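Working notes, beginning with the structure itself.
Computed from a predicted structure; not experimentally measured.
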Amino acid sequence: MAFEQAEGRPVGEAPEGPAEAARRAETGTSTGTSTGTGTGTGTGTGTGTGEPAGVPRSTARPGSTSPAYRARRATRTAGTAPRSDCDVVIIGAGIVGLSTAYAITQAAPGTRVVVLEKESGPARHQTGRNSGVIHSGIYYPPGSLKARFALEGSAEMAKFCAEHDIPHEITGKLIVATDRAELPRLHSLIQRGREHGIPVRELGPAQILEYEPEVRGLAAIHVGTTGIADFGAVAARLGQLATEGGARIEYGADVRTIGRRAGRVAVRTATGRVVRARALVNCAGLHCDRLARLAGDSPGMRIVPFRGEYYSLSPARDSLVRGLVYPVPDPAFPFLGVHLTRGVHGGVHVGPNAVPALAREGYDWRTVRPGELAGTLAYPGTWQIARRHWRYGTGELHRSLSKRAFTDAVRRLLPAVTADDLIPSPAGVRAQAVLPDGTLVDDFLITEGPHTVHVLNAPSPAATASLPIGREIADRALRLLG
């Protein structure tokens, strides 16, 4: 049974009181009720913000009340005031968590940083399962965090890749209108690109063919600063740099319990390992809302997972696409639609569509975790999404279940493609933050609690913008240290 279902409690709420949860986190004592689903942060039962509970009278050692015992204990504990194992503990070794660790070691050398990651290596989820695009920032409204970080991060990411010999290329991309109804939105993107100072070029049907001979459209724009990169390699390098700067990264560390008391945080993993820190940074991606609740903070949102399903063009047909080709996005949705991406290692990705996932790490229809699914279905925002966007969702589900329907969607941009040209590729899952009223959070969302920083929404272009985002989070964490 997943913890959000246990006895009808809210997500992350402990069956015992907060003082007992804090005591267990500090001492590493097992709660005896953690059930573990094998997904994400597990099923820790304590949020803990109170003082640790004292030893119950019934479990006191014989003679523990004698003057001699008290004298010996006072001698042993003299000068051993509670201390932290580290200054900052970061949960999650995706590209944002590792960028944060690196940024802290650069901004404040000597700061003790520990990164806890439940997987056996970095970038195993959103970072390692996206299409590898360095986004220009053209989609994002002026003044938004996405615009600010993408504009800064795209150039910085290309420079970082060049300096560290990470495969990348600035290719430019086409955004193509295939229907007259899309032309006003295309023109709005042109204007937005110019406001951002992004080099954009308007194209007619004949000019589209100069860039992509097999792509058809009524009009398009060419965005010159878009590129591609191996974000998994970027994350790995950030981890190496953070380690060289003194950070410690621990893999296989599935966080189960978080307690807070007396100016510090204690994190307990499934193995019983306890890490005490002065500040906690939650970069847990698909599980970030759970971690926030385990820490005793109310995130005010819930992660609703959406699976993005991809195909690849068969090697015999990947010459149909030279670079990056996108449709005009619908501003009502945070998804960019089915697009064509020639990757940094060759080959052309096609997709993704966006369908509800039946688990937070539900990379196919066979992966179902009843507790997680029940939590998603019990959330009011889920039903508001379904009510507002059922037509859009029905189309996405149809394309998921029908290869012919998916092919038809691709043929709007690439008429020469056939179903036989498309080969299934690994899917990704987007950690979409949803408010209780069903609003899909479109911008980055970073909040703070006592001794905690929570990254609650970091979808695309988070990989592109990971370096400035990491600095922003690092700055907040360092401020918590005083």
So, do V434 and I385 sit near enough that their side-chain heavy atoms are less than 4.5 Å apart?
yes
Show your working on salt bridge (charged side-chain N to carboxylate O under 4.0 Å, His left out) between K118 and E250 and close with a plain yes or no.
CA-CA 8 Å; K118 71 183 182 66; E250 299 183 13; over 6 Å; no
Verify salt bridge (charged side-chain N to carboxylate O under 4.0 Å, His left out) between D442 and K146, making sure each step is shown before the conclusion.
CA-CA 9 Å; D442 190 45; K146 278 188 174 182; 3.6 Å; yes
Residue pairs involving residues 418-462 (criterion ring-ring contact (aromatic ring centres under 6.0 Å, His included); sequence neighbours excluded)
none
Show the nearest heavy-atom pair for residues I190 and V200, with the distance to one decimal.
O-CG2, 4.1 Å
Would you confirm whether E152, through its side chain, and F149, through its main-chain N or O, come within 3.5 Å as a donor-acceptor pair?
no
Compare every heavy atom of E156 with every heavy atom of P468, then report the nearest pair and how far apart it is.
CD-OE1, 3.8 Å
A235 and T127 have their tightest heavy-atom pair at CB-CG2, 4.2 Å
Side-chain donor or acceptor of T376 paired with backbone N/O of E372 under 3.5 Å
yes
Working to the nearest 0.5 angstrom, can you tell me the gap between T226 OG1 and I138 CD1?
7.5 Å
Taken to the nearest 0.5 Å, the spacing of F406 CZ from L422 CG works out to 6.5 Å
ring-ring contact (aromatic ring centres under 6.0 Å, His included): pairs with one or both residues in residues 171-228, sequence neighbours excluded:
Y211-H222
Side-chain H-bond candidate by donor/acceptor type, T452 with D297, under 3.5 Å
yes
Side chains of L186 and I221 in contact at under 4.5 Å (non-hydrogen atoms):
yes
Is the side chain of S99 donor-acceptor paired with the backbone N or O of V96 at a distance under 3.5 Å, no angle test?
no
Looking only at non-hydrogen atoms, find the nearest pair between A458 and A462 and report the distance.
O-CB, 3.2 Å
As a quick check of understanding, evaluate side-chain contact (heavy atoms from CB on, under 4.5 Å) for V429 and R360, giving each step before the final call.
CA-CA 7 Å; V429 177; R360 297 202 181 209; over 6 Å; no
Do side-chain atoms of R412 reach the backbone of R216 as a donor and acceptor pair under 3.5 angstrom?
no
First locate atom OG of S298, then atom CG of D289, and finally report the distance between them rounded to the nearest 0.5 Å.
10.5 Å
Check: Q126 side chain, G428 main-chain N or O, donor-acceptor pair, under 3.5 Å:
no
Test the K173-Y326 pair against the cation-pi criterion, namely NZ or CZ under 6.0 angstrom from the six-membered ring centroid and within 45° of the ring axis.
yes
Step by step, would you call R322 with E210 a salt bridge (charged side-chain N to carboxylate O under 4.0 Å, His left out)?
CA-CA 11 Å; R322 291 180 175 178; E210 296 175 9; over 6 Å; no
Would you indicate whether the side-chain heavy atoms of L98 and I249 approach each other to under 4.5 Å?
yes
Is a side-chain donor or acceptor of R476 paired with a backbone partner of I446 at a separation under 3.5 angstrom?
yes
Go through the structure and list residues passing side-chain hydrogen bond (donor to acceptor under 3.5 Å, both in side chains) with D420, not counting sequence neighbours.
none
Kindly indicate whether the side chain of T178, heavy atoms from C-beta on, has any atom under 4.5 Å from the side chain of P327.
no
Answer yes if the side chains of S154 and H135 hold a donor-acceptor pair under 3.5 Å, and no otherwise.
no
Are R317 and D421 close enough, and set up right, to give a salt bridge (charged side-chain N to carboxylate O under 4.0 Å, His left out), and what steps lead you there?
CA-CA 7 Å; R317 297 284 280 171; D421 299 330; 3.2 Å; yes
Where do A463 and N130 come nearest, in terms of heavy atoms and distance?
CB-ND2, 4.0 Å
Is any side-chain heavy atom of V176 less than 4.5 Å from a side-chain heavy atom of V325?
yes
Sub-4.5 Å side-chain heavy-atom contact between Y311 and V410
no
How many angstroms lie between CG in N457 and CG in L435, if you round to the nearest 0.5 Å?
9.0 Å
Tell me, please, whether Y363 has R307 positioned over its six-membered ring: NZ or CZ under 6.0 Å from the ring centre and within 45 degrees of its axis?
no
If we only count heavy atoms from C-beta on, is the L467 to F160 side-chain gap below 4.5 Å?
yes
Closest non-hydrogen atoms of E361 and L286, given as atom of the first, atom of the second and distance, are CG-CD1, 4.1 Å
Test side-chain contact (heavy atoms from CB on, under 4.5 Å) applied to V321 and E212, step by step:
CA-CA 7 Å; V321 177; E212 294 285 352; 4.2 Å; yes
Donor-acceptor under 3.5 Å (R411 side chain, V417 main chain):
yes
Is the backbone N or O of W390 less than 3.5 Å from a side-chain atom of T394, with the two atoms forming a donor-acceptor pair by type?
yes
Could you walk me through whether V267 and L280 pass side-chain contact (heavy atoms from CB on, under 4.5 Å), step by step?
CA-CA 9 Å; V267 177; L280 177 147; 3.5 Å; yes
Begin from the C-alpha positions of S425 and S312 and carry the test side chain to side chain donor-acceptor pair (under 3.5 Å) through to its verdict.
CA-CA 6 Å; S425 287; S312 295; 2.4 Å; yes
Residue set satisfying side-chain hydrogen bond (donor to acceptor under 3.5 Å, both in side chains) with R192, at least two apart, ordered chain then number -> none
Indicate yes or no for a side-chain donor-acceptor contact from R260 to the backbone of P450 under 3.5 Å, with no hydrogens or angles considered.
yes
Derivation of the side-chain contact (heavy atoms from CB on, under 4.5 Å) call for I228 and R342
CA-CA 8 Å; I228 51 177; R342 178 168 289 279; 5.6 Å; no
Would the number of heavy atoms belonging to other residues, nucleotides or ligands and lying under 6.0 Å from CZ of R366 be above 12?
no
Could you give all pairs that pass the side-chain hydrogen bond (donor to acceptor under 3.5 Å, both in side chains) test and reach residues 396-409, with sequence neighbours left out?
E309-S400, W365-S400, E396-R399
Is there a side-chain contact between R388 and D437, using heavy atoms and a 4.5 Å cut-off?
yes
Does N282 use its side chain to pair, donor to acceptor, with the backbone of C288 at less than 3.5 Å?
yes
Side chain to side chain donor-acceptor pair (under 3.5 Å) evaluation trace for R194 with Q191:
CA-CA 5 Å; R194 289 171 177 164; Q191 181 60 34; 5.1 Å; no
Using the rule given for side chain to side chain donor-acceptor pair (under 3.5 Å), can you reason through H168 versus D230, listing the C-alpha separation, both sets of side-chain angles and the distance that settles it, and then say yes or no?
CA-CA 7 Å; H168 74 289; D230 184 338; over 6 Å; no
Contacts satisfying ring-ring contact (aromatic ring centres under 6.0 Å, His included) that involve residues 91-118 (not counting sequence neighbours) are none
